[in-house]
J.: 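I'd like to ask some things about the structure below.
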Amino acid sequence: MTPEQPDQPGPDPNRTIRHRWPQPEPPRQEPGLTPYTQRLPYTPDMLPDVPQYEAKPPKSGWWWVIVVGGIAVLVVAVAVVALLWARSTVEPPVKPGSQSSVKSGPARVTDTKAQVSYLIPEGWKKADRPSYTSGIAAGGAVVVAFPQQQGGIGGAATSEQLQARADAVALDTARRFLPDLGSRDGLRTRALEVGGQPAATASFRVVFKSATKDPAYVRIVAVHTADGGLSYVYGSTVPDGDAARRALDGVLDSVTPA
């Protein structure tokens, strides 16, 4: 008699059978023999449960196209602004002799007959004077230009001769503008160079015959012209004073060849 076999342990409820592989049909057994059986081993669940997440959709590939396009538009806009600014700073071409070809700046008198040019200070106005080719005036101050009369010294004059000539012409011209001239003092002469040409200047103070009149200041510039002639720019101001002298000297110091 066959002893009872102990009960086989049942399946562990904490285990999970992963796979049961089908087995081939066992061969037929002879009568009286133990039937052919095979038990599959339990396969433990070696991997813990892994949470599943929904995959995010892939980003669109157009975003970099938008960024690059925006940068390109910005660069083009900056280039256009720079081009317009550069064009605005360039003076437009003008035809010679047109009104637009005159450079901006302080106004000047250009005396083509005397071949000299000089500044017109603010507040001064052009003034036509008989026997003179150009002139300006303001209050008691006057400036005129004129070329050398026939019989004067030529371009071969020395510096000393030119200074002496400037003194003589200044005194003669002052008697025309200041007929009550009595005497003068403070004479000063010196050599100059105007536009590469030899020149000279003379200045002095005028005292009038009438004691009631204030003294005046006189100055002249004599300059050789390019054609070998000689021209003068004379100025006088009544009454004399530091401010009046500075204004007149500013005009005489601005003399250049025309």
Side-chain angles (χ1 to χ4, degrees), residues 105-149 152-153 160-195 199-225 229-258:
R108 296 182 66 88
V109 171
T110 300
D111 190 332
T112 56
K113 293 183 179 180
Q115 302 182 48
V116 293
S117 174
Y118 50 92
L119 181 69
I120 304 177
E122 185 177 357
W124 290 55
K125 296 181 179 180
K126 291 185 178 181
D128 295 331
R129 301 277 182 172
S131 304
Y132 304 103
T133 53
S134 64
I136 57 175
V142 63
V143 172
V144 293
F146 52 97
Q148 173 67 55
Q149 299 296 326
I153 60 176
E160 290 76 12
Q161 288 176 318
L162 192 56
Q163 292 178 59
R165 185 63 184 172
D167 175 29
V169 173
L171 182 57
D172 181 63
T173 307
R175 286 194 175 103
R176 297 180 185 180
F177 282 94
L178 310 171
D180 196 25
L181 187 151
S183 62
R184 64 173 182 162
D185 56 31
L187 173 63
R188 296 180 59 187
T189 64
R190 59 189 174 93
L192 297 175
E193 186 176 286
V194 175
T201 184
S203 62
F204 49 84
R205 178 174 172 266
V206 168
V207 178
F208 293 99
K209 296 177 182 179
S210 173
T212 60
K213 298 181 70 172
D214 294 327
Y217 173 67
V218 174
R219 183 182 170 189
I220 197 169
V221 170
V223 57
H224 281 291
T225 56
L230 189 64
S231 289
Y232 302 93
V233 180
Y234 164 91
S236 61
T237 180
V238 182
D240 186 16
D242 291 340
R245 288 196 180 201
R246 284 195 299 269
L248 191 64
D249 286 341
V251 178
L252 274 293
D253 290 338
S254 71
V255 174
T256 60

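Only a predicted model underlies this, so the values are computations on that prediction, with no experimental measurement involved.
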J.: Is there a donor in the side chain of D249 and an acceptor in the side chain of Y217, or the other way round, less than 3.5 Å apart?
T.: yes

J.: Heavy atoms, side chains only, cut-off 4.5 Å: are Q115 and V223 in contact?
T.: no

J.: Within a 6.0 Å radius of atom CG on D128, are there more than 12 heavy atoms belonging to other residues, nucleotides or ligands?
T.: no

J.: Do other residues, nucleotides or ligands put more than 12 heavy atoms under 6.0 Å from the CZ atom of R108?
T.: yes

J.: Is the shortest heavy-atom distance from the side chain of F204 to the side chain of D167 under 4.5 Å?
T.: yes

J.: Please test D240 against D214 for side-chain contact (heavy atoms from CB on, under 4.5 Å), starting from the C-alpha separation and ending with a verdict.
T.: CA-CA 7 Å; D240 186 16; D214 294 327; over 6 Å; no

J.: Of the non-hydrogen atoms in A170 and V218, which two are nearest, and what is the gap between them?
T.: O-CG1, 4.3 Å

J.: Under 4.5 Å between any side-chain heavy atoms of P257 and T225, yes or no?
T.: no

J.: Could you pull out all residues at least two apart from R176 that satisfy salt bridge (charged side-chain N to carboxylate O under 4.0 Å, His left out)?
T.: D172

J.: Just jot down the ring pair (Phe, Tyr, Trp, His ring centres under 6.0 Å) partners of Y234, sequence neighbours excluded, or say none.
T.: F177

J.: Are Y232 and T173 packed together at the side-chain level, in the sense that at least one heavy-atom pair is separated by less than 4.5 angstrom?
T.: no

J.: Rounded to the nearest 0.5 Å, what separation is found between the CD1 atom of I136 and the NZ atom of K126?
T.: 10.0 Å

J.: Could you give the distance from NZ (K113) to OG (S231), rounded to the nearest 0.5 Å?
T.: 12.5 Å

J.: D253 versus R219: any side-chain heavy-atom pair under 4.5 Å?
T.: yes

J.: Of the non-hydrogen atoms in T201 and I220, which two are nearest, and what is the gap between them?
T.: OG1-O, 2.8 Å

J.: Would you be so kind as to tabulate the donor-acceptor pairs closer than 3.5 Å made by side chains of residues 138-145, with sequence neighbours excluded?
T.:
none

J.: Identify the two heavy atoms, one from V238 and one from A216, that lie closest to each other, and give their separation to 0.1 Å.
T.: CG2-CB, 3.4 Å

J.: Can we say K209 and D180 salt-bridge, meaning some charged N sits less than 4.0 Å from an Asp/Glu carboxylate O?
T.: no

J.: Please report the shortest heavy-atom distance between S254 and L119, naming the atom on each side.
T.: OG-N, 2.9 Å

J.: What distance do R184 atom CZ and R175 atom CZ have between them, rounded to the nearest 0.5 Å?
T.: 8.0 Å

J.: Does one side chain, of R245 or T237, offer a donor that lies under 3.5 Å from an acceptor on the other?
T.: no

J.: Using side-chain heavy atoms (C-beta onward) and a distance below 4.5 Å, is T133 in contact with V116?
T.: no

J.: Can you name the closest pair of heavy atoms from V206 and L181 and give their distance?
T.: CG1-CG, 3.5 Å

J.: Quick one: does F146's side chain get under 4.5 Å of V169's, heavy atoms only?
T.: yes

